[in-house]
Amino acid sequence: MSESQDLAPTLSSFRPALRALVWGASGGIGGAFVAALEANPRVAAVLGASRTASSPWRFDLEDERSIEAVAQAAAAGGPLDLVLVATGVLLPSPEKSWRQLDPAVLSRAYAINAIGPALIAKHTLGLLRRDAKSVFACISARVGSIEDNRLGGWHAYRASKAALDMLVRNFSIELRQRNPQGVCVALHPGTVDTALSRPFQSAVKPSKLQAPADSVRRMLLTLDGLTPADTGKLWAYDGAPIPF
Ligand SMILES: NC(=O)c1ccc[n+]([C@@H]2O[C@H](COP(=O)([O-])OP(=O)(O)OC[C@H]3O[C@@H](n4cnc5c(N)ncnc54)[C@H](OP(=O)(O)O)[C@@H]3O)[C@@H](O)[C@H]2O)c1
C-alpha cells in the first residue's frame with residue numbers, strides 16, 4: 001500500500017458542505033461509508049438508505065417506486081455531491097461450471113447487482129450538482145472484469161458485475177453531456193470483511209482481507225482524486241484502474 005493510501009480523505013475536490021446519499025447503508029461497506037462521511041468535517045449531510053424496516057430512507061432494489069421515493073426525498077434538500085451504491089449480492093455456492101447454471105440464480109444476480117443499481121442511476125444522476133464536481137459511484141468487483149478473468153467460474157456474479165460496469169460506462173457518456181464536472185464510475189473495494197465475503201474468507205490470505213473502514217477510506221481517497229477525465233471506468237480501492 002502506498003503512503004498516500006494511509007491518509008484520511010479530505011474530500012477537498014468537492015464543494016464544501018457536501019451532501020451524500022449512500023444506498024445500502026445496512027451493509028458492511030455501505031455502513032462504513034456512512035460512518036466515514038459522517039465523521040468528515042467537509043460533509044454537511046449523509047443520507048443512508050437501506051431496506052431496513054426502521055430506516056427513514058427505506059428502499060428495495062426490486063421496487064422502483066421505493067427508489068424513486070428516496071431519490072425525491074433526497075432531492076428536496078438540494079443537489080447531491082456524492083451518490084454511492086453499496087448494495088449487492090453474492091449468492092451461496094457460486095457456480096464452478098456451466099453445468100451448475102440456474103436461471104433463478106442468474107436472474108437474481110442481475111436483478112440485484114445490475115438492474116437495481118441502474119434504477120438508482122435513473123433516479124439520481126439527474127440530482128447531481130452541476131456547478132462543481134459531483135460523483136456517482138457503484139461498488140462493482142474486480143471479478144466482473146472480462147479482461148482480468150483468468151480463473152473463470154462464479155458465472156452469475158461475474159456476469160452481473162460486468163453488466164453493471166457496462167451500464168456505468170453508458171451512463172458516464174450520457175452524464176458528460178449534462179454535467180461536464182460529473183464523474184460516474186464503478187469501484188472495486190478489495191476483499192473486505194463483510195457478510196458477503198465471509199463464506200469465502202478461508203481462501204483469502206489475512207493480509208489481503210481489509211476492514212470495511214480501511215477499504216472505504218481508500219475508496220473515498222480514490223474518488224477525491226478522480227477528475228471528469230477518469231469517468232466511465234472501474235477503479236480499485238487503491239486508485240489503480242482495472243480494465244473492463
Ligand atoms: N466484501 C467484499 O469482499 C467485496 C468484494 C468485491 C465487491 N464487493 C461488493 O461490495 C458491495 C457491498 O457488499 P458488502 O461486502 O458490503 O456486503 P453486505 O454487507 O452483504 O452488504 C450488501 C448490501 O446490499 C443490500 N441489499 C441486498 N439486496 C437488496 C435489496 N433487494 N434491496 C436493498 N438493498 C439490498 C443489503 O441490504 P440488507 O442489509 O437489507 O440485506 C446490504 O446493505 C456489493 O456490491 C459487493 O458485490 C464486496
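In each ligand, atom 1 is the first atom listed, and ligand 1 is the first ligand listed.
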Test side chain to side chain contact (heavy atoms under 4.5 Å, CB included) applied to M219 and I139, step by step
CA-CA 10 Å; M219 286 192 281; I139 309 299; 3.9 Å; yes
Closest approach of any protein heavy atom to [atom], naming residue and atom:
{"atom": "atom 16 (O) of ligand 1", "answer": "I29 N, 2.9 Å"}
{"atom": "atom 14 (P) of ligand 1", "answer": "T194 OG1, 3.6 Å"}
{"atom": "atom 3 (O) of ligand 1", "answer": "V192 N, 2.8 Å"}
{"atom": "atom 17 (O) of ligand 1", "answer": "L196 CB, 3.3 Å"}
{"atom": "atom 22 (C) of ligand 1", "answer": "G88 O, 3.6 Å"}
{"atom": "atom 41 (O) of ligand 1", "answer": "R51 NH2, 3.0 Å"}

Are any of the side-chain heavy atoms of [X] and [Y] separated by less than 4.5 Å?
{"X": "R58", "Y": "D63", "result": "no"}
{"X": "C184", "Y": "F171", "result": "yes"}
{"X": "D224", "Y": "F14", "result": "yes"}

Run the salt-bridge test on [X] and [Y] with the 4.0 Å N-O cut-off and return the result as yes or no.
{"X": "R108", "Y": "E62", "answer": "yes"}
{"X": "D165", "Y": "K233", "answer": "no"}
{"X": "R218", "Y": "D238", "answer": "no"}

Closest to [atom] (judged by heavy-atom distance), picking from [options]:
{"atom": "atom 45 (O) of ligand 1", "options": "I67, I120, T87, V216", "value": "T87"}
{"atom": "atom 23 (C) of ligand 1", "options": "A86, S140, A109, G30", "value": "A86"}
{"atom": "atom 19 (O) of ligand 1", "options": "G28, G190, G31", "value": "G28"}

Answer yes or no: does atom CD of Q100 have more than 12 heavy-atom neighbours from other residues, nucleotides or ligands under 6.0 Å?
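Buried by this count: over 12 neighbours within 6.0 Å.
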So for atom CD1, which belongs to I173, do other residues, nucleotides or ligands contribute more than 12 heavy atoms lying within a distance under 6.0 Å?
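Yes, the 6.0 Å shell around CD1 holds more than 12 heavy atoms from other groups.
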For the side chain of D81 and the backbone of R19, is there at least one donor-acceptor N/O pair under 3.5 Å apart?
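Pair found, side chain donor or acceptor close to backbone of R19.
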Looking only at atom types and distance, does a side-chain atom of S50 sit under 3.5 Å from a main-chain N or O of A25, one as donor and one as acceptor?
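Judged by distance alone, no pair lies under 3.5 Å.
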Which ligand 1 atoms are under 4.0 Å away from a heavy-atom of [X]?
{"X": "P189", "value": "4 (C), 5 (C), 6 (C), 7 (C), 8 (N), 48 (C)"}
{"X": "I112", "value": "28 (N), 31 (N)"}
{"X": "A141", "value": "6 (C), 7 (C)"}
{"X": "G24", "value": "43 (O)"}
{"X": "G27", "value": "19 (O), 21 (O), 42 (C), 43 (O)"}
{"X": "I139", "value": "9 (C), 10 (O), 11 (C), 45 (O)"}

Any [X] heavy atom less than 4.0 Å from ligand 1:
{"X": "D60", "result": "yes"}
{"X": "A111", "result": "no"}
{"X": "Y157", "result": "yes"}
{"X": "V89", "result": "no"}
{"X": "Q210", "result": "no"}

Using a 4.0 Å heavy-atom cut-off, which part of [X] comes near ligand 1: side chain, backbone, both, or neither?
{"X": "L61", "result": "both"}
{"X": "S26", "result": "both"}
{"X": "K161", "result": "side chain"}

Starting from the C-alpha separation in whole Å, work towards a yes-or-no answer on side chain to side chain contact (heavy atoms under 4.5 Å, CB included) for L128 and L175.
CA-CA 10 Å; L128 289 176; L175 183 69; 4.2 Å; yes
Before signing off on this row, confirm whether [X] and ligand 1 have an N or O atom pair separated by under 3.5 Å.
{"X": "E62", "answer": "no"}
{"X": "T191", "answer": "no"}
{"X": "F59", "answer": "no"}

Between the side chains of E64 and H123, is a donor N or O closer than 3.5 angstrom to an acceptor N or O?
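Checked: E64/H123 side chains pair up, N/O donor to acceptor below 3.5 Å.
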Candidate pair L127 and V83, rule side chain to side chain contact (heavy atoms under 4.5 Å, CB included), full reasoning
CA-CA 9 Å; L127 307 180; V83 176; over 6 Å; no
Using the six-membered ring wherever Trp is involved, compare the ring planes of W23 and F59 and label them parallel, tilted or perpendicular (cut-offs 30° and 60°).
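Plane angle over 60°, so perpendicular.
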